[in-house]
Amino acid sequence: MKRIVACLLILCALAQGVPVFAEDMPYVSEVMASNGTYKNGHAYDWVEITNPGKSAVDMSLWYLSDNVDKPKKWQFPEGVRLKGGESLIVYCTGEDMDKGKNGEYYANFKLSFSGDDVVLTDSEGALVQRFSFPEQYGNISYGVTKNGETGFFAEQTPGKKNEDRVYAARADEPVIRTAGGFYEESVTVTAAGKEGQILRYTLSGETPDEESALFPEEGLVITETSALRVIAFEENKVPSKTSAATYFISDPSPVAVVSLTTDNKYLFNQKTGALVKGTGSTPNYEKEWEYPVHIEYFDENGLCLINQMGTFTASGHSARQNSQKSIALYARNAFGEDRFYFNPFPNRDYDSYKSILLRSTNSDAFSTRLRDVVFTSLAEKLDIIYQDARPIQVYINGEYWGHYNLREKINKHFVAAWENVPYTDEETVDHIDILARTGSDAYVQNGSNEDWLELCDFCKTEDLNEGDNLKYVLDNLDVDSLFTHAAFEIITGNYDITNVRVYRVPGGKWKYLLFDVEAGFLSLDPAPLENYIKDVDRPIQAFRHEPLNALLAVPEMKDKFLRRFAEILESSFLWPYVESKFEPWEQVLEELLPRQNERWPYLTMKEWRQNVDAVKYYARVRPRKIVSMLAKRMKLTDSEVETYFGPVQQLLDEQNVLED
């Protein structure tokens with residue numbers, strides 16, 4: 001009887017649009033319909049369900065939906081029990097995923113940012129609650145206090161006790177009237193909000209709160225390089241978004257500058273900071289934490305091209321251990337624009353980017369800081385996907401953070417842009433396959449590896465001299481891409497053979513992606529060549545070698561590979577062309593590195609010069625030597641060497657010869 005009465009009370013309240021709940025029945029207590037908290041690249045909407053009673057409730061076979069006319073869209077897994085006084089979170093993915101377990105649950109519908117319903121139904125099919133919410137603000141949750149008041153929360157609390165206060169709306173963002181940028185001595189900054197707002201600010205990178213300093217009506221005088229953040233407070237409203245601008249005082253830059261501004265808890269706090277090791281067994285910088293950050297980009301003329309909120313993560317592999325860490329930046333809809341509407345790269349004609357990379361360089365941080373950017377630029381003529389680059393300086397919370405190389409970030413959006421897939425075609429973009437190394441499950445960056453592994457196994461076991469077998473491979477693998485990638489890696493002598501990635505656009509063929517070749521031109525060692533060209537039945541190492549070597553067993557494919565190898569030597573590795581790629585990077589780094597080395601004392605200018613000269617030596621000599629190494633490895637006859645490489649070898653001997 002008690003249950004029936006409770007349900008009747010709820011139904012009466014629902015008819016009036018009031019999201020009430022019975023004392024002992026689970027209810028929807030908080031929702032997030034525009035999530036900006038990312039985990040492993042995802043920020044799913046979520047629904048919090050709370051049990052206000054003292055006894056546990058068996059949620060098995062209860063239902064959750066976003067449509068009152070279709071209340072059984074998603075069913076709780078059997079065995080889910082919600083203890084008295086506790087809450088659980090259901091992530092609304094919009095996909096048919098594993099329903100989840102151990103407190104992680106995934107529903108097959110999404111919530112609408114523009115306003116929606118959440119419908120909770122019990123195991124008997126009775127409507128428990130229809131929770132309606134209005135249009136939402138980015139990364140702001142909406143829910144119910146313990147007193148039954150509904151509204152927006154200043155702080156989201158998924159899985160925890162809700163705040164006692166809710167707000168009807170969010171205050172409008174204040175306007176910083178004085179443009180951020182470069183000033184010779186000092187600058188007086190003015191800002192304005194709407195009538196009735198109180199503006200507060202910080203210069204430390206921290207989000208201003210109600211204890212922060214009041215923004216002066218007459219303006220704020222800034223006398224040293226600083227990152228300003230301003231926020232508006234208003235009665236009965238959630239505090240506004242923070243406006244931000246960086247002012248560089250007597251601090252010019254010969255190259256473009258990226259300025260990042262965010263709270264210390266996201267950066268260097270030992271428990272929560274993404275750029276420190278922390279205190280746990282797994283370093284913080286390995287945990288893929290993604291946090292909000294304000295991003296400004298000033299070009300080499302000081303013009304601000306982007307000024308927006310986004311997110312950041314620590315990036316790279318072994319380089320995460322370096323003090324100066326690489327940082328990936330993402331445009332996220334929950335914080336404003338979902339693209340960076342600019343193009344900083346010299347060899348691209350794109351109108352925007354979803355993500356960009358601030359690369360501190362990997363092992364090359366202690367050597368030349370230019371190997372990868374110079375070597376990848378040698379692929380400009382080769383019709384293979386590679387990351388464009390430009391030198392920049394980075395500031396974090398107004399503090400100089402050093403020289404970085406701005407790079408395109410390798411992900412599905414990067415591949416889509418190269419392959420001319422419109423970023424508005426989300427269905428296609430989402431299903432681009434990107435695989436690293438061997439392509440096994442541990443190295444699936446996006447999509448599926450099933451077809452790739454099947455193709456590699458086929459090449460390992462089948463004779464491609466048989467027509468149908470060869471056709472199958474050619475129908476599924478872009479052989480030009482494979483041969484170009486293999487030749488490039490062999491010529492440069494990139495001994496880091498873990499850096500092999502393949503990708504496929506839906507409906508297309510598998511192609512190779514060129515990246516992280518900074519371990520090239522370090523020696524005349526034939527080891528990289530030996531890793532690429534070997535029998536198909538040899539053990540698999542860092543990448544699948546079978547497709548290349550199965551094809552080389554086919555005379556026409558061997559011919560195609562050797563001709564492509566010679567073409568690449570001539571187009572990209574004659575010394576005048578290679579030298580032209582070194583020169584601009586050497587010039588700019590000679591200007592940037594004194595300050596970089598003061599901030600991060602990895603190497604002296606003398607050491608840097610010696611390292612660059614050594615790399616240039618191998619970049620000049622190795623292409624001359626590679627033909628004989630290739631001929632020995634592939635057991636080419638003297639006639640074959642002359643046929644394929646005679647003319648280009650003569651050019652190499654003339655143009656790559658060392659000067660006295």
Side-chain angles (χ1 to χ4, degrees), residues 1-33 35 37 39 44-66 68 71-93 98-109 111 116-133 141-166:
M1 178 62 72
K2 181 178 179 182
R3 178 182 178 86
I4 294 173
V5 171
C7 289
L8 289 173
L9 289 172
I10 291 172
L11 290 172
C12 290
L14 289 174
Q16 302 174 45
V18 181
V20 299
F21 46 87
E23 182 178 348
D24 61 348
M25 294 183 66
Y27 69 100
V28 175
S29 51
E30 190 175 4
V31 298
M32 172 64 76
N35 196 7
T37 303
K39 182 179 180 181
Y44 297 125
D45 301 336
W46 50 262
V47 175
E48 177 189 72
I49 297 173
T50 297
N51 177 8
K54 296 181 180 180
S55 301
V57 175
D58 184 358
M59 300 293 293
S60 300
L61 309 183
W62 281 49
Y63 297 93
L64 201 63
S65 176
D66 63 341
V68 71
K72 295 185 177 182
K73 278 193 173 183
W74 182 79
Q75 187 180 69
F76 280 89
E78 191 168 351
V80 177
R81 293 178 62 82
L82 184 54
K83 295 180 180 179
E86 294 192 354
S87 302
L88 61 79
I89 298 295
V90 178
Y91 294 98
C92 302
T93 70
D98 186 325
K99 291 184 178 181
K101 58 185 177 180
N102 299 326
E104 295 277 341
Y105 305 108
Y106 302 96
N108 57 358
F109 61 87
L111 301 180
D116 211 339
D117 291 328
V118 179
V119 180
L120 182 64
T121 305
D122 69 15
S123 58
E124 298 175 7
L127 178 65
V128 174
Q129 185 186 19
R130 178 183 179 181
F131 184 85
S132 300
F133 58 86
S141 67
Y142 187 91
V144 187
T145 69
K146 64 181 180 180
N147 296 322
E149 297 176 289
T150 60
F152 297 99
F153 291 116
E155 295 287 340
Q156 54 178 285
T157 56
K160 300 179 181 179
K161 181 181 178 182
N162 287 354
E163 292 188 318
D164 293 332
R165 184 178 180 184
V166 291

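Quantities reported herein were computed from a predicted structural model and do not represent experimental measurements.
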Quiz prompt | Whether Ser132 side chain and Asp117 backbone form a donor-acceptor pair below 3.5 Å | solution = no
Quiz prompt | Over all atoms of both residues, closest heavy-atom pair of Met59 and Leu82 | solution = CG-CB, 4.0 Å
Quiz prompt | Side chains of Lys146 and Asp164 in contact at under 4.5 Å (non-hydrogen atoms) | solution = yes
Exercise. Take the angle between the ring planes of Phe152 and Tyr142 and call it parallel below 30°, perpendicular above 60°, tilted in between.
Key: perpendicular
Self-check item: Note, Leu120 side chain near Leu64 side chain (heavy atom, < 4.5 Å)
Solution: yes
Exercise. Return yes if a side-chain donor-acceptor contact under 3.5 Å exists between Thr157 and Glu30, otherwise no.
Key: yes
Exercise. Would you name the heavy atoms of Ile89 and Tyr105 that are closest together and state the gap between them?
Key: O-CD1, 3.7 Å
Quiz item: Donor-acceptor pair, Asn147 side chain versus Glu149 backbone, under 3.5 Å?
Solution: no
Practice problem: Decide side-chain contact (heavy atoms from CB on, under 4.5 Å) for Thr37 and Gln156; before the verdict, give the C-alpha distance in whole Å, the side-chain angles of both, and the deciding distance to 0.1 Å. | Solution: CA-CA 10 Å; Thr37 303; Gln156 54 178 285; 3.9 Å; yes
Quiz item: Does any non-hydrogen side-chain atom of Trp62 lie less than 4.5 Å from one of Val80?
Solution: no
Quiz item: Is there side-chain contact between Asn51 and Glu86, with at least one heavy-atom pair below 4.5 Å?
Solution: no
Quiz item: Looking at Tyr63 and Asp122, what are the two nearest heavy atoms and their distance?
Solution: CD1-O, 3.9 Å
Quiz prompt | Min side-chain heavy-atom separation Phe76-Val90 under 4.5 Å | solution = yes
Quiz item: Roughly how far, to the nearest 0.5 Å, is NZ of Lys161 from OG of Ser29?
Solution: 12.5 Å
Self-check item: Minimum heavy-atom distance between Pro71 and Val119, given as atom pair plus value
Solution: CB-CG1, 4.2 Å
Quiz item: How many angstroms lie between atom OH of Tyr44 and atom OG1 of Thr93, to the nearest 0.5 angstrom?
Solution: 6.0 Å
Exercise. Identify the heavy atoms of Ala126 and Thr121 that sit nearest to each other, and give their distance.
Key: O-CG2, 3.2 Å
Exercise. Report yes or no: do Asn162 and Thr145 form a side-chain donor-acceptor pair below 3.5 Å?
Key: no
Self-check item: Point-to-point distance, once rounded to the nearest 0.5 Å, from CH2 of Trp46 to OH of Tyr91
Solution: 8.5 Å
Quiz item: Are the side chains of Val128 and Tyr27 in touch, meaning some heavy atoms are under 4.5 Å apart?
Solution: no
Self-check item: Within-4.5 Å side-chain heavy-atom neighbours: Val47 and Phe131
Solution: no
Self-check item: Shortest non-hydrogen contact from Ser141 toward Glu155
Solution: OG-O, 4.3 Å
Quiz item: Once you round to the nearest 0.5 Å, how far does CG of Leu88 lie from OG1 of Thr50?
Solution: 8.0 Å
Quiz item: From Lys160 NZ over to Glu48 CD, what is the distance, rounded to the nearest 0.5 angstrom?
Solution: 11.0 Å
